[in-house]
Amino acid sequence: MTQGYDLVVRSRRAVLPDGERPAAVAVREGRIAAVAVYDAPLTAREDVDLGDRALLPGLVDSHVHVNEPGRTEWEGFATATRAAAAGGVTTIVDMPLNALPPTVTAGALAVKRAAAEGRGAVDVGFWGGAVPGNRPELRALHDAGVYGFKCFLSPSGVEEFPALDEAGLREAMTEIAGFGGLLIAHAEDPGHLSEPGGPGYAEFLASRPPEAEGAAIARVARLAAETGCRAHIVHLSDAGSLPLLAEWRARGARISAETCPHYLTLTAEQVPEGGTEYKCCPPIRDARNREGLWRGLTDGLIGCVVSDHSPCVPELKKGGFDTAWGGISSLQLGLPVIWTAARARGHGLPDVARWMASGPAELTGLTGKGRIAEGYDADLVAFAPDRRFVVDPGALRQRHPVTPYAGTTLTGAVERVWLRGEAPGHGRLLRRRP
Ligand SMILES: [Zn+2]
């Protein structure tokens with residue numbers, strides 16, 4: 001047999017691209033060198049037998065707002081990536097807004113990379129931004145290695161990252177299509193949004209109706225078909241928009257969608273009075289809508305489940321739903337939150353790995369991530385699928401322990417994580433491979 005691997009991890013529940021089975025995963029120089037049968041006589045410096053605990057690919061979270069530099073007091077690379085590592089997320093892709101400067105020029109990307117250098121416990125890639133007037137910057141950002149371009153159709157929440165109108169969106173998508181890039185859109189149409197009529201959740205929910213998502217998705221899809229640009233809807237909340245997405249795909253638009261753990265597990269009905277830790281945009285809707293999102297995952301219309309980890313300082317979460325900062329921060333909990341709900345609906349770990357690892361890796365073009373297969377990075381997670389725990393916000397590694405899951409009982413615990421075959425701690429800054 002082949003001698004001298006750096007690491008072998010054995011599990012009776014290894015989650016491989018073709019399903020779950022007993023396997024031994026052999027690692028050399030940070031990559032998966034072989035996937036063999038469980039009791040294969042492989043020799044390695046370290047041989048770990050997980051027994052009945054599962055072995056998952058490291059998760060890829062393509063929707064994280066780190067906020068450093070500029071708003072590091074909200075969240076920073078050190079804290080966000082430690083939370084990621086603790087939650088089994090071995091790669092994050094950072095959003096272009098909420099840090100200062102926003103990542104809308106190649107120069108701003110360089111500033112952000114410098115801020116992140118040496119601070120990441122896990123690997124970090126970057127999205128660029130498409131904002132009014134930065135069309136000339138998009139190619140340079142693409143060449144500098146961003147994985148695609150985020151845009152808003154409605155106000156983003158921060159002044160320095162304005163929304164694109166239809167003409168601006170067409171211009172950006174035409175440019176991005178020219179170099180084969182990806183546009184990702186926060187899809188809420190400003191024409192359907194209003195100021196909340198009061199501080200309560202019902203008023204906030206009414207101010208951001210499902211029609212806002214439908215109208216915005218229709219616009220992005222129509223322009224995707226018109227320009228040939230590949231497009232992706234971030235954090236889809238409205239399940240009623242799924243047929244629209246299916247229709248446009250059937251008509252040839254290259255458009256995909258993601259949703260988030262909070263839309264799949266929380267409901268408007270359960271939001272407590274003043275519970276602004278539940279506030280996000282688009283909003284968490286009713287239980288019926290939530291089940292519609294699970295159907296979207298099951299039939300493949302939604303391909304990814306990502307965190308939209310979007311923290312702020314706790315002071316900004318004070319006040320009512322009309323004034324508090326919108327954003328849910330629970331990056332570390334995504335895997336147990338989704339596993340708890342998925343298993344109750346009859347899904348298996350391979351589904352979870354597809355939604356949270358290989359799906360986001362494929363979306364972004366993070367080749368070499370998100371699968372347990374030969375040649376891939378040895379990003380691995382030992383996961384105890386039956387272990388129950390109660391969420392203690394104090395145990396979260398994110399900068400501020402604010403989470404809507406506080407006190408919730410979850411099933412499934414991350415026990416050990418490997419990043420390129422080693423303990424997390426020395427993450428790399430990633431660039432899109434040309
Ligand atoms: Zn976001």
Side-chain angles (χ1 to χ4, degrees), residues 59-68 70-71 74-77 80-81 83-84 89 91-100 102-104 112 124-131 146-164 182-188 190 193 208 212-213 216-217 220 231-238 256-264 266 276-284 293 302-312 316-317 324-334 356 359-360 363-364 398-400 402-404:
L59 305 189
V60 175
D61 191 339
S62 55
H63 196 146
V64 177
H65 296 266
V66 175
N67 307 335
E68 182 175 6
R71 290 192 180 93
W74 293 16
E75 183 68 290
F77 283 102
T81 59
V89 177
T91 305
I92 64 169
V93 188
D94 172 60
M95 280 291 166
L97 71 156
N98 298 351
L100 295 167
T103 319
V104 296
K112 188 172 266 192
V124 180
F126 299 93
W127 295 107
V131 293
V146 298
Y147 288 91
F149 301 88
K150 168 87 173 278
C151 75
F152 278 72
L153 277 63
S154 53
S156 72
V158 290
E159 268 175 18
E160 67 277 4
F161 200 96
L164 292 175
L182 170 66
L183 176 106
I184 65 174
H186 178 121
E188 286 184 291
L193 302 179
R208 307 188 88 98
E213 288 190 69
I217 290 167
V220 174
H232 176 76
I233 304 300
V234 296
H235 53 49
L236 177 83
S237 169
D238 172 37
S256 57
E258 71 189 28
T259 191
C260 309
H262 40 276
Y263 300 122
L264 289 164
L266 306 176
T276 57
E277 65 275 16
Y278 288 76
K279 181 180 176 181
C280 57
C281 299
I284 294 164
L293 291 174
I302 302 172
C304 307
V305 177
V306 294
S307 69
D308 192 12
H309 180 73
S310 186
C312 64
L316 288 178
K317 277 291 194 188
W325 172 258
I328 286 180
S329 49
S330 295
L331 165 63
Q332 188 174 333
L333 297 172
M356 302 186 83
L363 166 74
T364 44
Q398 61 195 44
R399 173 145 293 171
H400 303 288
V402 177
T403 174

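Order of appearance sets the numbers: ligands from 1, and atoms from 1 within every ligand.
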Which of C312, S310, S329, P311 passes side-chain contact (heavy atoms from CB on, under 4.5 Å) with E75? It is P311
For E188, the salt bridge (Lys or Arg N to Asp or Glu O under 4.0 Å) test, sequence neighbours excluded, returns R208
### Query
Does the side-chain contact (heavy atoms from CB on, under 4.5 Å) test come out yes or no for Y263 and C280, once each step is laid out?
CA-CA 10 Å; Y263 300 122; C280 57; 3.6 Å; yes
Taken in chain and number order and not counting sequence neighbours, the residues that satisfy salt bridge (Lys or Arg N to Asp or Glu O under 4.0 Å) with K150 are none
Atoms listed for the Zn ion (ligand 1) (protein only, N, O or S, under 2.8 Å, no waters) are H63 NE2, H65 NE2, D308 OD1
Salt bridge (Lys or Arg N to Asp or Glu O under 4.0 Å) filter on E68, not counting sequence neighbours, yields R119
Would you call the rings of W127 and Y147 parallel, tilted or perpendicular if under 30° counts as parallel and over 60° as perpendicular?
perpendicular
